[in-house]
Amino acid sequence: MKTIKKFLAVSALSAGILLSPFHTHDAQAKVWWNGMELVQGQIGKLTVLKDTELYKLQGEKKVYIKTLKAGGVYRIYTFKPGMLGLGGGYYVDRDARVKYETPSKAKLNQVKMEQLFRGVKLGMSASQVKKLETAKFITQENIDGGQAWVYSTSLFGYDTLLVYGFENGKLAFYGYSFDAGKEYTNDQLTAIYNNLKQQLITLFGNQYEQSDSGQGYPPALVFHKDGLVIALSYDADGLAVTVTSEQ
């Protein structure tokens, strides 16, 4: 765990950098559902059966933008009473002119799993990881004979710094730092921790280990899957999710 914290310390070099908006094309395998790529944040799919109006919400006021033609297919990210959200504040009326479908929880969890693990494998060479990763590169540092690469990305709806740690030219771990470069209050970080905890329990189940730092922070949680250790930690070094090997 100390090695992980040591590598994650490089994220402090990026303090003050404004993290990029949500990325939908970071390195991860595609998840397909009913002929459409399912992306993070998507909750459903809209098929236009009859021409229908697209609105932009300004407060509670609907402002007409254009007409969506029959046959069009769109991702849905949110909803309000009687309306479906296409993202960016755009909505259509939820009526007989549209067909709304939702993916299974298994499919939604698969998207989250792919986003967490990113299609990379521990032991990959630096060049292999670089070829896969398409998030915004921030910096690279040499630390104690290894290297740490820092990217800007998002995980489970939160902006985060992604850190890849290499030892002897091979990927030793990777992790997500949720507070570097941002000024969250302790209450806000605790809320993020609690949400991340629930997301990880949804993916990996209630069988996890936990340890109390004794410093007033929530306990560190450790999940196991297919020879990997997925750890959620929140302490004086920050809030992070890391992926390492059990070996």
Colleague: Please give me the minimum heavy-atom distance between K121 and L171, naming the atom from each residue.
Modeller: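 Minimum heavy-atom separation between K121 and L171: O-CD2, 3.7 Å.
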Colleague: How far does CD of E114 sit from CG of L116, to the nearest 0.5 angstrom?
Modeller: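 So the gap between those two atoms works out to 10.0 Å.
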Colleague: Taking the side chain as everything from C-beta on, heavy atoms only, tell me whether F223 gets closer than 4.5 Å to K225.
Modeller: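 They are not in contact (no side-chain heavy atoms under 4.5 Å apart), so the answer is no.
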Colleague: Any idea which heavy atoms bring A148 and V163 closest together, and the distance?
Modeller: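 A148 and V163 have their closest heavy atoms at CB-CG1, 4.3 Å.
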Colleague: Is there any salt bridge (Lys or Arg N to Asp or Glu O under 4.0 Å) pair reaching into residues 67-86, and which pairs are they, with sequence neighbours excluded?
Modeller: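 For residues 67-86, and leaving out neighbouring residues, the salt bridge (Lys or Arg N to Asp or Glu O under 4.0 Å) pairs sorted by first residue read D51-K69.
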Colleague: Given 3.5 Å as the limit, does a donor-acceptor pair link the side chain of T160 with the main chain of S177, or not?
Modeller: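 Here the side-chain-to-backbone pair exists.
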Colleague: If every non-hydrogen atom of L232 is compared with every non-hydrogen atom of L200, which pair is closest and at what distance?
Modeller: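 Smallest heavy-atom distance, with atoms named: CB-CD1, 3.9 Å.
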Colleague: Answer yes or no: is there a donor N or O on one side and an acceptor on the other, between the side chain of N195 and the main chain of A191, under 3.5 Å?
Modeller: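 Looks like no, no N/O pair under 3.5 Å.
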Colleague: If I compare all heavy atoms of S245 with all of L122, which pair ends up nearest, and what's the gap?
Modeller: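 Heavy-atom minimum between the residues: N-CD1, 3.3 Å.
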Colleague: Closest heavy-atom contact between D159 and F178?
Modeller: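 Residues D159 and F178, closest heavy atoms: O-CD2, 4.1 Å.
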Colleague: Following the transitive rule for hydrophobic clusters with a side-chain heavy-atom cut-off under 4.5 Å over Ile, Leu, Val, Met, Phe, Trp and Tyr, establish whether L49 and Y100 coincide in one cluster.
Modeller: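 No, separate clusters.
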Colleague: Within the side chain of K56, is there an N or O that forms a donor-acceptor pair under 3.5 Å with the backbone of G88?
Modeller: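 Yes.
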Colleague: What's the spacing between T102 OG1 and F79 CZ if we round to 0.5 Å?
Modeller: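 Reported to 0.5 Å precision, the distance equals 10.0 Å.
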Colleague: For N186 and Y217: C-alpha separation, side-chain torsions, deciding distance, then whether side-chain contact (heavy atoms from CB on, under 4.5 Å) applies.
Modeller: CA-CA 10 Å; N186 288 337; Y217 292 97; 5.7 Å; no
Colleague: So do Q199 and L155 actually touch side chain to side chain, heavy atoms under 4.5 Å?
Modeller: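 No. Closest side-chain heavy atoms not under 4.5 Å.
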Colleague: Side chains of L108 and L38, heavy atoms from C-beta outward: is any pair under 4.5 Å?
Modeller: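 Contact flag for L108/L38 side chains = yes.
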Colleague: Quick one: pull up OH in Y158 and CD1 in I192 and give me the separation to the nearest 0.5 Å.
Modeller: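 Output value for this atom pair is 5.5 Å.
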Colleague: Just how far is it from atom CG of L162 to atom CD of E133, taken to the nearest 0.5 Å?
Modeller: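 The CG atom of L162 sits 5.5 Å away from the CD atom of E133.
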Colleague: Check whether V111 and W33 end up in the same hydrophobic cluster, where Ile, Leu, Val, Met, Phe, Trp and Tyr are linked by side-chain heavy atoms less than 4.5 Å apart.
Modeller: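 Yes, V111 and W33 fall within the same hydrophobic cluster.
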Colleague: Is a donor on one side and an acceptor on the other found under 3.5 Å between the side chain of Q115 and the backbone of S154?
Modeller: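 Yes: the side chain of Q115 pairs with the backbone of S154.
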Colleague: Is there a side-chain contact between E246 and L228, using heavy atoms and a 4.5 Å cut-off?
Modeller: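 With C-beta onward as the side chain, the pair stays apart.
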Colleague: With F137, which residues qualify under side-chain contact (heavy atoms from CB on, under 4.5 Å), at least two apart?
Modeller: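 Residues passing side-chain contact (heavy atoms from CB on, under 4.5 Å) with F137: Q140, W149, Y151.
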Colleague: Which pair of non-hydrogen atoms, one from E53 and one from V92, has the smallest distance, and what is that distance?
Modeller: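 Smallest heavy-atom distance, with atoms named: O-CG1, 3.6 Å.
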Colleague: As an exercise, state the distance from OG1 of T185 to CG of D179, rounded to the nearest 0.5 Å.
Modeller: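 The CG atom of D179 is 11.5 Å from OG1 of T185, to the nearest 0.5 Å.
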Colleague: Indicate if Y90 and M83 have the same hydrophobic cluster label, given that clusters are the connected sets of ILVMFWY residues with side-chain heavy-atom separations under 4.5 angstrom.
Modeller: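 Y90 and M83: separate clusters.
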Colleague: Heavy-atom distance under 4.5 Å between the side chains of M36 and Q42, does that happen here?
Modeller: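 Yes, close enough: below the 4.5 Å cut-off.
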Colleague: Check this for me: Q207, atom CD, are more than 12 non-hydrogen atoms of other residues, nucleotides or ligands nearer than 6.0 Å?
Modeller: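 Not buried by this count: 12 neighbours or fewer within 6.0 Å.
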Colleague: If we only count heavy atoms from C-beta on, is the V73 to K45 side-chain gap below 4.5 Å?
Modeller: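 Yes, close enough: below the 4.5 Å cut-off.
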Colleague: Judged by atom type as modelled, is there a donor-acceptor pair below 3.5 Å linking the side chain of Y74 to the main-chain atoms of V48?
Modeller: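 Between the backbone of V48 and the side chain of Y74 there is no qualifying donor-acceptor contact (under 3.5 Å).
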Colleague: Output all residues satisfying ring pair (Phe, Tyr, Trp, His ring centres under 6.0 Å) with Y174, sequence neighbours left out; order by chain, then residue number.
Modeller: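 Applying ring pair (Phe, Tyr, Trp, His ring centres under 6.0 Å) to Y174 gives Y164.
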Colleague: Is I201 reachable from F204 through a run of hydrophobic residues whose side-chain heavy atoms are each under 4.5 Å from the next?
Modeller: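 Yes, F204 connects to I201 through the hydrophobic network.
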Colleague: Could you walk me through whether K50 and T52 satisfy the side-chain contact (heavy atoms from CB on, under 4.5 Å) test, starting with their C-alpha distance in whole Å, then the side-chain angles of each, then the deciding distance to 0.1 Å, before giving a yes or no?
Modeller: CA-CA 6 Å; K50 294 183 179 180; T52 190; over 6 Å; no
Colleague: Examine distances only and state if a side-chain atom of N168 and a backbone atom of K170 form a donor-acceptor pair shorter than 3.5 Å.
Modeller: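 It does not hold such a pair.
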Colleague: Is the shortest heavy-atom distance from the side chain of F156 to the side chain of L203 under 4.5 Å?
Modeller: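 Yes - at least one pair of side-chain heavy atoms lies under 4.5 Å apart.
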Colleague: Enter the distance from D235:CG to Y193:OH here, rounded to the nearest 0.5 Å.
Modeller: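 One gets 10.5 Å once the value is rounded to the nearest 0.5 Å.
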Colleague: Y91 and Y55: aromatic ring centres closer than 6.0 Å?
Modeller: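 No; Y55 has its ring centre 6.0 Å or more from that of Y91.
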Colleague: Using the rule that two of Ile, Leu, Val, Met, Phe, Trp, Tyr join whenever any of their side-chain heavy atoms come within less than 4.5 Å, decide whether V120 and M113 are in one cluster.
Modeller: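 In one cluster with V120: M113, yes.
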Colleague: Report yes if the side chains of I76 and L86 come closer than 4.5 Å at any heavy-atom pair, otherwise no.
Modeller: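 Yes. Closest side-chain heavy atoms under 4.5 Å.
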